[in-house]
Number of protein chains: 2
Amino acid sequence: MSTPLEKARKDPESMKARILDVARRIFGEYGFHGTTTRMIAQEVGIDISTLHYHWGGKKDLYESVVIDINKDLRQKLIDVEQAIHGLPLGERLDISIDMTTDYLFEHPEVSNLILFRYFGKTRSAGNLDAIIPEFTADIARSMGLALDKKNVPPETMMKVLAVMNAIHNFISGENFFRPMVKVDRERYIALVKETLKFIHIPAFTQNEAT
Amino acid sequence: MSTPLEKARKDPESMKARILDVARRIFGEYGFHGTTTRMIAQEVGIDISTLHYHWGGKKDLYESVVIDINKDLRQKLIDVEQAIHGLPLGERLDISIDMTTDYLFEHPEVSNLILFRYFGKTRSAGNLDAIIPEFTADIARSMGLALDKKNVPPETMMKVLAVMNAIHNFISGENFFRPMVKVDRERYIALVKETLKFIHIPAFTQNEAT
DNA sequence: TTATTTATCCATCAAACGATTGAATCACAG
DNA sequence: CTGTGATTCAATCGTTTGATGGATAAATAA
């Protein structure tokens with residue numbers, strides 16, 4: 001009950017927590033190799049050695065960030081699950097998209113970091129990929145697409161991945177996509193929800209009917 | 001008719017071309033900051049200075065890679081456009097997904113690099129983002145979702161982005177997703193096509209009916 | 001009080017990185 | 001052959017980066 005990470009989370013004003021928050025954001029923006037410990041330290045307003053004192057090495061800090069992100073996302077999944085419990089599939093999707101999108105637009109570094117881990121490799125031999133959380137099966141179950149989180153068929157896993165990826169893409173790619181569609185931020189958020197629902201709801205509800 | 005890049009492409013066995021090919025792959029895997037000029041040089045089997053002799057600096061090489069990737073993708077878009085011309089929307093989507101997916105699975109570095117540019121920032125102030133090709137409007141037109149590539153409505157742009165992103169995600173994230181669904185490569189490719197069609201065809205064809 | 005632990009910064013190191021220089025090698029026209 | 005430009009490599013430079021040691025101060029315990 002007192003891992004370093006949990007300890008840091010307890011007091012959000014502690015130096016450990018402040019470093020972790022900044023690290024989440026910067027690792028999310030620039031990736032592992034694009035981020036330097038000096039960038040994080042400078043943003044926090046401390047010396048590099050203070051960062052090392054609290055979190056060990058760069059890789060250790062990065063791992064903590066990944067774990068922290070996943071913890072937040074898992075908690076959000078539980079929230080969503082409660083909100084959609086018992087509703088028909090179409091509404092479940094509708095509400096899930098709204099809640100998840102709102103949350104991620106407020107914490108874009110979550111989407112950023114997840115996509116970085118999906119699509120980028122890390123030079124260092126040390127296996128950061130040891131921590132591969134299996135949200136996908138959980139989501140499949142909570143969406144009602146699978147009965148238990150064990151033995152979810154590949155087809156269902158792929159469909160859930162498609163939905164999650166679509167959300168992360170629009171969040172994380174805002175800086176790239178929003179100038180393309182030439183709308184302000186508020187309109188963009190509305191467009192993202194609208195598009196996600198347009199794309200995904202027909203597929204799943206049609207499937208339900210057959 | 002004789003930019004350095006075109007010159008390199010003319011003779012695929014030239015040193016310039018060999019460097020460019022390797023750079024495409026490695027930049028795609030590790031991103032800009034995750035790639036070192038030494039990694040590329042070693043993979044080609046040459047000295048670093050030879051790389052610099054042909055391509056200038058690291059940033060110059062990266063820019064050439066981005067341009068090269070976009071050139072290939074634009075050509076592929078033309079191929080697809082010809083193949084689907086005149087067909088109904090459902091079939092256009094079906095064929096587009098098949099062709100694009102097959103192509104990108106053979107050249108995953110294309111998807112890798114595009115996603116890196118979408119979701120990651122580059123530390124260097126030098127504006128690499130000057131080169132932002134506008135495929136999206138072209139795709140919207142060739143899919144028959146817009147009449148001309150000017151004034152494509154934001155809603156349509158977003159839908160096209162959703163389709164393109166979904167494809168790139170499954171290609172580029174294969175190393176991450178395939179172990180999750182526990183299938184071999186051949187089955188994964190089939191699943192990707194199947195899933196993409198399941199998700200996207202109902203949305204667009206239903207929309208067409210209304 | 002004094003002693004000890006905790007936390008922070010300054011200075012600095014070794015390794016890695018991007019880049020350059022100058023010499024060596026090769027292709028080939030004269 | 002010979003000379004000339006294009007190409008390649010070995011050696012190295014200056015900088016950045018991750019990381020550490022030691023001094024210092026603040027907090028805490030004895």
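The chains referred to below are lettered A, B, ... by the order of the sequence lines, with proteins before strands, and numbering in each begins at 1.
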Of all the nucleotides listed ([options]), which has the minimum atom distance to the side chain of [X]?
X	options	result
A:R38	D:dC9, C:dA19, C:dT12	C:dT12
A:I46	C:dC9, C:dG18, D:dA19	C:dC9
B:K58	C:dA19, C:dA11, D:dA11	C:dA19

May I ask you to verify if any side-chain N or O of [X] is less than 4.0 angstrom from the OP1 or OP2 atom of [N]?
X	N	value
B:T50	D:dT7	no
B:H52	D:dT8	no
A:R123	C:dC17	yes
B:S49	D:dT8	no
B:Y53	D:dT7	yes
B:T37	C:dG18	yes

Practice prompt. Would you check if the distance from the ring center of A:F176 to the ring center of B:F119 is below 6.0 Å?
Written response: no

Item to complete: Measure the distance from NE2 on B:H54 to C1' on D:dA6 and round it to the nearest whole Å.
Response: 9 Å

Discussion item. What is the distance, to the nearest angstrom, from the CE atom on A:M15 to the C1' atom on C:dT8?
Written reply: 8 Å

Worksheet item: How long is the span from the OG atom in A:S111 to the CG atom in A:N165, to the nearest 0.5 Å?
Response: 10.0 Å

Discussion item. Check whether B:F32 forms a cation-pi arrangement with B:K58 (NZ or CZ under 6.0 Å from the six-membered ring centre, at most 45° off the ring normal).
Written reply: yes

Worksheet item: Does a sphere of radius 6.0 Å around CD in A:Q42 hold more than 12 heavy atoms from other residues, nucleotides or ligands, not counting ones at 6.0 Å or beyond?
Response: no

